[in-house]
Amino acid sequence: MPSTQKDTLLNKEPEFLVPVDKAPYYAVRVIPSTMGTIGGLQTNNKFQVLRADGSVIKGLYAGGETANRPFYRRVYTSGTGLGLAYTSGRIAGENAAKEK
């Protein structure tokens with residue numbers, strides 16, 4: 001059940017607050033990092049994965065470091081990998097949603 005009070009620390013309205021009051025609880029250590037591939041799957045401009053012969057594998061999309069299309073056969077540094085991840089993920093998602 002949502003909270004009835006506004007969260008003043010994060011400035012969240014009550015309808016967006018849900019209590020976490022039932023065990024079990026779990027914790028994980030997360031260490032943020034970025035990385036890249038030297039290679040990756042070959043994709044087209046829609047980020048559809050391509051076979052070795054260049055034909056599209058229907059329903060299979062790749063983005064981010066798994067696609068590495070603009071940087072194919074090259075390595076890239078961490079900052080540029082984020083732009084590729086955001087852009088390719090959005091493009092792949094939009095095209096996958098249109099696919100029947």
Side-chain angles (χ1 to χ4, degrees):
M1 168 175 276
S3 175
T4 58
Q5 296 180 339
K6 183 174 181 170
D7 180 325
T8 55
L9 179 65
L10 299 175
N11 197 30
K12 296 292 181 183
E13 297 297 328
E15 62 267 24
F16 299 110
L17 302 173
V18 178
V20 181
D21 55 7
K22 291 186 180 180
Y25 300 105
Y26 300 94
V28 295
R29 182 176 181 201
V30 177
I31 301 171
S33 67
T34 58
M35 55 180 89
T37 55
I38 302 174
L41 300 169
Q42 289 191 352
T43 61
N44 60 16
N45 289 340
K46 295 180 180 181
F47 286 91
Q48 295 170 296
V49 176
L50 305 176
R51 291 183 178 89
D53 67 5
S55 63
V56 170
I57 301 174
K58 185 170 174 55
L60 185 59
Y61 293 81
E65 69 176 66
T66 61
N68 203 7
R69 189 180 60 82
F71 304 101
Y72 194 73
R73 298 187 195 280
R74 295 181 227 161
V75 66
Y76 58 94
T77 58
S78 60
T80 58
L82 295 175
L84 175 62
Y86 301 144
T87 305
S88 62
R90 182 174 181 132
I91 293 170
E94 287 174 349
N95 287 295
K98 294 175 190 174
E99 190 170 303
K100 293 182 180 189

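Residue indices begin at 1 and follow the sequence shown. Keep in mind that this is a model prediction, so the values were computed, not measured. Atom set for the values below is all heavy atoms of this structure, side chains included, hydrogens, waters and symmetry mates excluded.
- Residues F16 and D7 have side chains not in contact (no heavy-atom distance under 4.5 Å, counting atoms from C-beta outward).
- Salt bridge R90/E94: present, at least one basic N to carboxylate O contact under 4.0 Å.
- By the side chain to side chain donor-acceptor pair (under 3.5 Å) test, D21 pairs with no residue at all, sequence neighbours left out.
- Minimum heavy-atom separation, G64 to S88: N-OG, 2.7 Å.
- Every residue meeting the salt bridge (Lys or Arg N to Asp or Glu O under 4.0 Å) condition with K58, not counting sequence neighbours, appears here in chain and number order: E99.
- When all heavy atoms are compared, the tightest approach of A62 to A92 is O-CB, 4.4 Å.
- Criterion: ILVMFWY side-chain heavy atoms under 4.5 Å apart, direct or through other members. Under it, V56 and Y61 are not part of a common hydrophobic cluster.
- We find the CD1-NZ distance between I91 and K46 to be 12.0 Å, quoted to the nearest 0.5 Å.
- Residue Q42 holds its CD atom at 6.5 Å from CG of L50, rounded to the nearest 0.5 Å.
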